Student: 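Take this structure first; my questions come after.
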Amino acid sequence: MAIFINEPSHTFNEYLLIPGYSSDKCIPANVSLKTPLVKFKKGEEPSITMNIPMVSAIMQSVSGDRLAVALAKEGGVSFIYGSQSIADEAAMVSRAKNHKAGFVTSDSNVSPDATLSDIIALKEKTGHSTVAVTEDGTEKGKLLGIVTSRDYRVSRMSPETKVSEFMTPFEKLVLAKEGTSLKEANDIIWDNKLNSLPIIDDNQRLCYFVFRKDYDSHKQNPSELLDAKKRYVVGAGINTRDYAERVPALIEAGADVLCIDSSEGFSEWQKLTIAWIREHYGESVKVGAGNVVDADGFRFLAECGADFVKVGIGGGSICITRETKGIGRGQATALIDVCKARDEYFEETGVYVPVCSDGGIVYDHHITLALAMGADFVMLGRYFARFDESPTNKISIGGTYMKEYWGEGSARARNWQRYDLGGDKKLSFEEGVDSYVPYAGSLKDNVALSLSKVKSTMCNCGALSIPELQKKAKITLVSATSIVEGGAHDVVQKDKTGVIK
């Protein structure tokens with residue numbers, strides 16, 4: 001007979017935190033959300049520590065290079081999706097890594113024969129207002145001029161006007177030669193009141209841009225997560241099929257950390273993937289694994305050498321694995337079980353393997369609950385899909401703006417590698433849906449709001465750090481009736497305009 005666990009598995013919504021004593025030091029401004037991303041030995045520091053406990057899901061509809069930059073600015077890490085060609089994923093990683101290197105490779109380029117309509121289309125596509133005009137229209141071509149929004153007026157010019165007629169020509173540009181230091185480049189920008197400075201080689205070929213906004217950005221984002229070269233920290237997803245080709249390309253592109261993207265991680269396939277990485281790179285390449293839902297799964301991946309372990313099967317808002325296959329576990333119960341195993345493993349071995357809670361987050365306070373239950377950080381999909389920086393389209397449905405959001409196991413993504421069990425190279429049946437989520441604006445504003453709630457709740461529990469929260473938190477199960485009691489009830493509510501609804 002099967003092994004029966006008669007205890008029901010629970011979700012985050014079935015728990016509440018009980019307030020603890022708060023000293024006069026327990027104010028949100030004093031709360032630190034720093035948390036380890038990768039494993040470390042007792043008495044040592046992890047090689048990557050995040051400033052906030054949030055990473056973005058390895059999904060086509062969530063984690064592109066724009067979101068990777070935006071999240072790194074706030075102190076978290078985005079895992080760029082792996083269900084694309086190796087070259088395309090590596091290019092995304094490279095763009096995100098080079099965004100804050102100071103010297104930025106231009107991704108908005110045209111030839112002098114292009115038109116104003118081409119400039120407008122390019123700006124809509126990239127969001128960038130500085131366009132390099134090169135002889136052949138490539139990022140490394142001979143620089144002939146620059147177009148910025150100050151060079152044209154859409155209302156006064158024909159869309160067919162040639163770029164060569166309104167660009168700022170080469171002879172009028174302030175330039176710097178390859179080899180100029182970042183400090184020297186910034187001094188030139190400030191002395192000449194520029195927004196951007198082209199860097200060229202001896203043959204007049206464009207090498208990079210240095211932007212004023214990158215200097216300002218650091219001042220505006222004190223929690224930004226940077227590597228030793230002052231570049232944004234970026235993650236990338238891999239699978240258990242083409243890792244021998246994909247991993248080297250991603251490392252070459254600059255990926256700081258990898259994660260095996262799989263619906264179920266308690267498998268020989270993940271063991272083989274990690275073993276290959278260790279054989280070829282030792283411990284220098286950081287790789288997370290998962291997903292698992294119990295202590296046995298965690299222990300397996302920890303012993304395989306995973307740098308962090310993801311917890312959660314079937315709890316995502318677009319995931320139908322539980323409906324389709326009948327496997328999974330309530331996210332809260334799974335997390336509690338795995339975190340207990342993590343602590344036991346740390347006591348036995350002196351190696352701390354961080355736990356990532358992946359899925360089941362519906363409300364902001366669920367993040368705090370996940371951390372209190374032992375998670376070192378949470379992975380979010382739907383949450384980030386709502387923002388400007390996600391790679392999907394914003395569309396109007398019934399007068400309300402929405403963003404597209406689909407699962408990796410949906411017919412749209414067809415990410416068969418994520419659900420691979422060693423059989424045919426195809427998605428035999430769907431384990432995700434294609435959907436919409438309400439548009440929510442910029443990542444920065446929303447993350448700030450969510451984390452302000454997390455910090456406030458931590459103060460209510462008397463905790464100023466995540467480890468302290470995990471030590472001091474008191475958590476209680478709630479009944480269905482008390483869940484109802486926890487919301488607005490027995491009143492007639494007004495909408496935001498004051499009208500009774």
Side-chain angles (χ1 to χ4, degrees), residues 2-5 7-15 55-59 62 79 81-83 237-240 259-271 273-274 288-302 304 306 308-342 353-362 366 369-370 373-383 406-410 413 415-423 427-433:
I3 296 172
F4 285 89
I5 299 175
E7 189 82 17
S9 65
H10 299 285
T11 66
F12 292 130
N13 221 37
E14 296 176 80
Y15 289 94
V55 301
S56 68
I58 312 168
M59 300 174 68
V62 178
F79 284 89
Y81 67 93
S83 52
I238 62 173
N239 61 68
T240 58
C259 185
I260 303 172
D261 183 27
S262 174
S263 64
E264 205 279 299
F266 197 173
S267 75
E268 185 76 7
W269 306 110
Q270 298 223 355
K271 181 179 180 179
T273 304
I274 297 171
N291 287 18
V292 297
V293 292
D294 65 4
D296 291 340
F298 171 85
R299 172 73 65 158
F300 172 79
L301 291 177
C304 286
F308 65 86
V309 172
K310 284 205 296 152
V311 177
I313 294 177
S317 60
I318 40 69
C319 184
I320 54 172
T321 292
R322 296 182 194 174
E323 293 178 33
T324 306
K325 297 170 67 175
I327 64 167
R329 199 176 193 187
Q331 186 65 13
T333 299
L335 183 61
I336 292 166
D337 193 10
V338 169
C339 289
K340 180 182 177 183
R342 185 265 322 275
V353 181
V355 167
C356 169
S357 180
D358 177 18
I361 302 290
V362 180
H366 290 170
L369 275 167
M373 290 173 178
D376 295 280
F377 54 96
V378 297
M379 178 172 276
L380 303 164
R382 179 194 60 86
Y383 178 89
W406 60 91
E408 289 296 290
S410 67
N415 181 6
W416 64 268
Q417 293 97 331
R418 188 175 199 276
Y419 303 89
D420 183 32
L421 294 175
L427 189 71
S428 300
F429 51 87
E430 293 181 55
E431 293 190 44
V433 300

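Since we're looking at a predicted model, the values are computed, not measured.
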Student: Any donor-acceptor pair under 3.5 Å linking the side chain of Thr11 with the backbone of Gln331?
Tutor: no
Student: For Ile260 and Ala289, work out which heavy atoms get closest and say how close.
Tutor: CD1-CB, 4.2 Å
Student: Using a 3.5 Å distance criterion without hydrogens, assess whether the side chain of Asp261 forms a donor-acceptor pair with backbone atoms of Asn239.
Tutor: no
Student: Give the minimum heavy-atom separation between Val293 and Ile313, together with the two atoms involved.
Tutor: CG1-N, 3.7 Å
Student: Step by step, work out the side-chain contact (heavy atoms from CB on, under 4.5 Å) result for Val355 and Phe298.
Tutor: CA-CA 9 Å; Val355 167; Phe298 171 85; 4.2 Å; yes
Student: Between CG of Asp337 and CD1 of Ile5, what distance do you get to the nearest 0.5 Å?
Tutor: 7.5 Å
Student: Under the salt bridge (charged side-chain N to carboxylate O under 4.0 Å, His left out) test, which residues partner Arg382, sequence neighbours left out?
Tutor: none
Student: Return yes if some donor-acceptor pair links the side-chain N/O of Asp358 with the main-chain N/O of Gly312 below 3.5 Å, else return no.
Tutor: no
Student: Which atoms form the tightest heavy-atom contact between Lys310 and Cys259, and what is the distance?
Tutor: CE-SG, 3.7 Å
Student: Rounded to the nearest 0.5 Å, what's the gap from CZ on Phe12 to CG on Leu335? Could you check?
Tutor: 5.0 Å
Student: Please find the pair of heavy atoms, one from Tyr15 and one from Leu369, that lie closest to each other, and give the distance.
Tutor: O-CD1, 3.6 Å
Student: Just verifying a value: how many Å separate Ser83 OG and Ile58 CD1, rounded to the nearest 0.5 Å?
Tutor: 9.5 Å
Student: Drop me the distance from Ser9's OG to Arg329's CZ, to the nearest 0.5 angstrom.
Tutor: 7.0 Å
Student: To check you understand the geometry: which heavy-atom pair defines the closest contact between Gly265 and Val292, and what is its length?
Tutor: C-CG1, 4.3 Å
Student: Phe308 vs Phe377 aromatic rings, parallel, tilted or perpendicular, using cut-offs 30° and 60°?
Tutor: perpendicular
Student: Is any side-chain heavy atom of Val362 less than 4.5 Å from a side-chain heavy atom of Asn13?
Tutor: no
Student: Closer than 3.5 angstrom, by distance alone: can the side chain of Arg342 be matched with the main-chain N or O of Gly374 as a donor-acceptor pair?
Tutor: yes
Student: Nearest 0.5 angstrom please: Met59 CE to Phe79 CZ, how far?
Tutor: 15.0 Å
Student: Verify, without hydrogens or angle tests, whether Gln270 (side chain) and Thr240 (backbone) share a donor-acceptor contact under 3.5 angstrom.
Tutor: no
Student: So, for Ser56 and Val62, which heavy atoms are closest and what is the spacing to 0.1 Å?
Tutor: CB-CG1, 4.1 Å
